[in-house]
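Okay, structure first, notes after.
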Amino acid sequence: MPTTGTPRTIPPWVWALPPVAVLAVVFLYPLALVIQESLAPGAYADVLASASFREALVTTVWLAVASTAGCLVLGFVLAVVIAFVPFPGGKAVSKFIDVFLSFPSFLITLALLFLYGTVGMANGLWTDVTGDTTGPFQFLTTPWGVLLAEITYFTPFVMRPLLAAFSQMETAQLEVASSLGARPLRIVRQVILPEALPALAAGGSLVLVMCLNEFGIVLFTGAKGVTTLPMLVYGKAILESDYAAACVVAVVNVALSVGLYVLYRGVSRRADA
């Protein structure tokens with residue numbers, strides 16, 4: 001009577017081969033080409049010593065830090081209002097935050113251009129009322145316009161983890177604090193803010209990483225004199241055809257992003273713990 005052999009099991013590492021192969025072709029191989037191109041003789045020395053690179057690095061860092069700070073403040077205030085202040089349509093606003101996260105960054109910038117651009121609605125109303133040939137709202141083509149666009153676009157990325165954290169808070173804490181005579185600002189400072197710190201840290205880390213790599217907002221605002229690292233990569237590669245220099249800047253940008261991503265993952269683990 002024939003015996004039935006035990007079925008062969010496929011080793012776990014075999015299942016990992018297809019995604020690893022796709023990752024290697026789509027991501028690792030192009031990244032290796034960029035790194036190889038950046039290793040051209042003298043490329044790093046020339047780029048790192050150039051004034052344009054230093055200015056782009058400083059601009060990238062201060063815009064990312066300032067945008068993250070603005071997103072943290074605005075996102076916290078809005079999340080507190082949505083989560084703890086009853087008002088009609090509060091749930092719809094909370095759901096809209098999820099939809100907003102799917103919007104492309106250039107769409108928000110385009111909306112700001114319609115409102116505050118040189119020929120936007122605000123300047124149009126001003127010229128119609130005063131008869132002036134130009135309106136006073138010209139800030140979108142400055143670093144402040146880029147900062148406003150980034151804060152507008154990235155604030156929901158801070159609000160989403162905050163709203164999730166607030167939904168798990170025990171309302172009894174707020175009721176007890178209120179019954180003891182604590183004013184709203186004190187409740188926010190001593191009860192809500194400590195609970196929100198892990199979510200703020202996770203959302204802020206994510207926004208900081210995304211701001212460092214933002215390209216569409218800077219491009220669509222047309223801000224003169226605002227050159228970030230992604231814009232410098234574009235200029236070196238497309239406008240100057242200096243691919244070695246572009247790859248050097250790209251490697252530096254990737255290194256900054258990976259370092260901040262590691263920080264973000266560490267903060268996220270603590271927030272989930």
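Only a predicted model underlies this, so the values are computations on that prediction, with no experimental measurement involved.
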Show me the donor-acceptor pairs, under 3.5 Å and distance only, between side chains in residues 230-242 and residues at least two apart or in other chains.
residue	atom	partner	partner atom	Å
Asp242	OD1	Ala245	N	3.4

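- There is a path of hydrophobic side-chain contacts, each under 4.5 Å, that joins Val61 to Val252.
- In this structure, the side-chain contact (heavy atoms from CB on, under 4.5 Å) partners of Pro104, at least two apart in sequence or on a different chain, are Phe106, Leu107.
- Listed for the Thr60 side chain is a donor-acceptor partner under 3.5 Å among the backbone atoms of Leu229.
- The structure places OG1 of Thr109 at 9.5 Å from CG of Leu219, a figure rounded to the nearest 0.5 Å.
- Nearest heavy-atom pair, Leu112 versus Leu140, reported as atom, atom and distance to 0.1 Å: O-CD1, 3.2 Å.
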Output side-chain donor-acceptor pairs under 3.5 Å for residues 43-50, partner residues at least two apart or in another chain, one line each.
residue	atom	partner	partner atom	Å
Tyr44	OH	Ser38	OG	3.0
Ser50	OG	Val47	O	2.6
Ser50	OG	Phe53	N	3.4

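- Grouping Ile, Leu, Val, Met, Phe, Trp and Tyr by side-chain contacts under 4.5 Å, direct or through others, puts Tyr29 with Leu33.
- Residue Trp126 comes nearest to Gly135 through the heavy atom pair CD1-CA, 3.9 Å, listed as atom of the first residue, atom of the second, then distance.
- In this structure, the separation between CG on Leu197 and CG on Leu193 is 5.0 Å, given to the nearest 0.5 Å.
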Identify all side-chain donor-acceptor contacts of residues 66-90 below 3.5 Å with residues at least two apart in sequence or on another chain.
residue	atom	partner	partner atom	Å
Ser67	OG	Leu63	O	2.7
Ser67	OG	Glu150	OE1	2.7
Thr68	OG1	Ala64	O	2.7

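- Thr221 is not listed as a side-chain neighbour of Val226, based on a closest heavy-atom distance of 4.5 Å or more.
- Scored by the side-chain hydrogen bond (donor to acceptor under 3.5 Å, both in side chains) test, Thr227 finds no partners at all (sequence neighbours excluded).
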List, one per line, each side-chain donor-acceptor pair under 3.5 Å for residues 151-165, sequence neighbours excluded.
residue	atom	partner	partner atom	Å
Thr152	OG1	Leu148	O	2.7
Tyr153	OH	Phe103	O	2.8
Thr155	OG1	Ile151	O	2.5
Arg160	NH1	Asp98	OD1	2.6
Arg160	NH1	Asp98	OD2	3.3

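- In this structure Ser105 satisfies the side-chain hydrogen bond (donor to acceptor under 3.5 Å, both in side chains) test together with Glu214, sequence neighbours excluded.
- For Ala111, the side-chain contact (heavy atoms from CB on, under 4.5 Å) test picks out no residue, with sequence neighbours left out.
- To the nearest 0.5 Å, the span separating CG on Asn253 from CG on Leu212 amounts to 7.0 Å.
- In this structure, Val22 shares a hydrophobic cluster with Val26, the cluster being traced through Ile, Leu, Val, Met, Phe, Trp and Tyr side chains under 4.5 angstrom apart.
- Note on Val65: it clusters hydrophobically with Leu57, by side-chain heavy-atom contacts below 4.5 Å among ILVMFWY residues.
- A continuous path of hydrophobic side-chain contacts links Met210 to Ile108 [ILVMFWY only; heavy atoms under 4.5 Å].
- By the side-chain contact (heavy atoms from CB on, under 4.5 Å) test, Thr142 is found to be paired with Phe139, Trp144, residues two or more places apart in sequence or in another chain being considered.
- In terms of hydrophobic clustering, with Ile, Leu, Val, Met, Phe, Trp and Tyr side chains grouped at heavy-atom distances under 4.5 Å, Val146 and Phe137 are assigned to different clusters.
- Note that OG1 of Thr228 and CZ of Phe215 are 8.0 Å apart. Values are rounded to the nearest 0.5 Å.
- Judged as a side-chain contact (heavy atoms from CB on, under 4.5 Å), and not counting sequence neighbours, the contacts of Val254 are Val258.
- The distance from atom CZ of Phe220 to atom CG of Leu110, rounded to the nearest 0.5 Å, is 7.0 Å.
- Remark: side-chain polar atoms of Asn123 are paired, donor with acceptor, to backbone N or O of Gly117 under 3.5 angstrom.
- Leu113 is not connected to Leu125 by any chain of hydrophobic side-chain contacts under 4.5 Å among Ile, Leu, Val, Met, Phe, Trp and Tyr, and they are in different clusters.
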